[in-house]
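In each ligand, atom 1 is the first atom listed, and ligand 1 is the first ligand listed. Worth saying up front: this structure is predicted, and the values here are computed from it rather than measured.
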Amino acid sequence: MTDIVTRYQKNPILTKDDVPYEVETVHNAGAVKHNGRYILLFRSHRRNGRSIIGLAEGDDGYHFRVRPEPFMIPAGEGLFAQYEEYGVEDCRITAVEDSYLLTYSAYSRHGVRIGLARTHDFQTVQRIALITQADMRNVVIFPERIGGRYVRLDRPHSHISPWSIWISYSRDLIHWGDSRLVIKPATYHWDEEKIGPGATPIKTEAGWLNIYHGVFPTMAGGIYRLGVALHDLADPAKLIGVADDWILQPSDPWEVTGYVPNVVFTCGAIPEDDGMVKIYWGGADSVMCVGTAKIQNLVDLCLKESRPVMGAG
Ligand code: BMA
């Protein structure tokens with residue numbers, strides 16, 4: 001059987017050796033095309049074990065050059081400093097209206113919550129608000145308002161119910177609510193331990209395509225894979241389908257071994273005009289990789305090979 005995601009032959013596309021400042025990893029990058037150029041906002045561990053976000057850019061989606069200075073480091077003063085003390089991680093990028101919204105995990109002694117920032121040009125960045133309480137990670141904002149509201153996929157921590165994907169709404173990007181559960185991990189499936197939003201949702205005729213991550217627990221630790229779900233265009237709380245099979249699992253040496261073994265983790269994918277999507281993922285929390293898939297094949301997997309899904313509500 002052929003793989004639904006074709007790995008780029010020259011993976012990994014970025015390693016710590018490509019970074020002109022001292023870091024130990026390059027992984028979990030948000031991705032977007034800005035003025036025809038590909039931008040990655042990637043996470044790096046520093047030697048103190050805390051993360052910062054760097055920027056890489058390029059013309060073809062495969063070859064990237066890293067800017068000499070980090071793009072975001074923990075805020076030095078004010079409210080954000082209090083909640084970013086332990087680092088900023090796993091940035092997602094959403095092009096919406098006339099700017100780019102960035103959601104990132106802010107770590108501190110008070111837990112992990114989500115920061116929202118905005119950039120117009122990837123030169124300067126303004127922090128807007130801390131948009132969740134602790135403990136939340138993996139928030140992605142949809143690229144347009146739906147029914148007049150901004151929409152995001154959330155991932156609260158919970159030990160009572162397995163870590164699941166929720167949805168929330170906002171009129172002003174600051175205050176979010178009307179939250180409800182959308183996808184739960186499926187028992188004894190590849191994503192049974194936890195799931196979380198991955199790439200910014202992609203609009204297709206059939207629905208919003210959500211490329212997410214799922215974790216299966218093993219005696220040697222969790223295995224992180226990627227899967228796909230399709231959400232109703234007008235009401236994304238309504239699931240159309242969730243592919244029963246994963247679309248990508250760790251297999252290249254830099255995905256199977258590294259800082260955290262057996263991890264493929266996405267924070268960004270870029271749809272192209274020819275119907276393909278470039279999916280970017282971190283390998284073993286150490287390097288950045290890319291692969292391509294036909295968007296229609298991912299949609300078909302959700303439509304034709306879905307597991308049973310919950311209704312909206
Ligand atoms: C998750 C997050 C991700 C990371 C993954 C695998 O909980 O910390 O940033 O890629 O674990 O270590």
_Side chain, backbone, both or neither: the part of Arg137 lying under 4.0 Å from ligand 1 by heavy atom_ = side chain
*Side chain, backbone, both or neither: which part of Glu89 has a heavy atom under 4.0 Å from ligand 1?*
neither
*For ligand 1, is Arg43 a contact, meaning one of its heavy atoms is under 4.0 Å away?*
yes
*Would you mind checking if Arg37 and Asp59 are paired as a salt bridge, meaning a charged N to carboxylate O distance below 4.0 Å?*
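Arg37 and Asp59: salt-bridged.
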Checking a contact table here: which protein heavy atom is nearest [atom], and how many Å away?
| atom | answer |
| --- | --- |
| atom 9 (O) of ligand 1 | Asp90 OD2, 2.5 Å |
| atom 6 (C) of ligand 1 | Asp285 OD2, 3.4 Å |
| atom 11 (O) of ligand 1 | Tyr224 OH, 3.0 Å |

*Under 4.0 Å from any heavy atom of Val260, which atoms of ligand 1 are there?*
12 (O)
*asked:* Check for me whether the distance between the ring centres of Phe142 and Tyr150 falls short of 6.0 Å.
replied: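 No, they do not, as the ring centres are separated by 6.0 Å or more.
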_Pair His34 and Phe122, ring centroids less than 6.0 Å apart_ =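 That pair passes the under 6.0 Å test.
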*Flag for Arg137-Tyr107: side-chain donor and acceptor within less than 3.5 Å*: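 Checked: Tyr107/Arg137 side chains pair up, N/O donor to acceptor below 3.5 Å.
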*Going by atom types only, do Ser44 and Lys16 share a side-chain donor-acceptor pair under 3.5 Å?*
no
*Side-chain contact, heavy-atom cut-off 4.5 Å: Pro250 with Ile223?*
yes
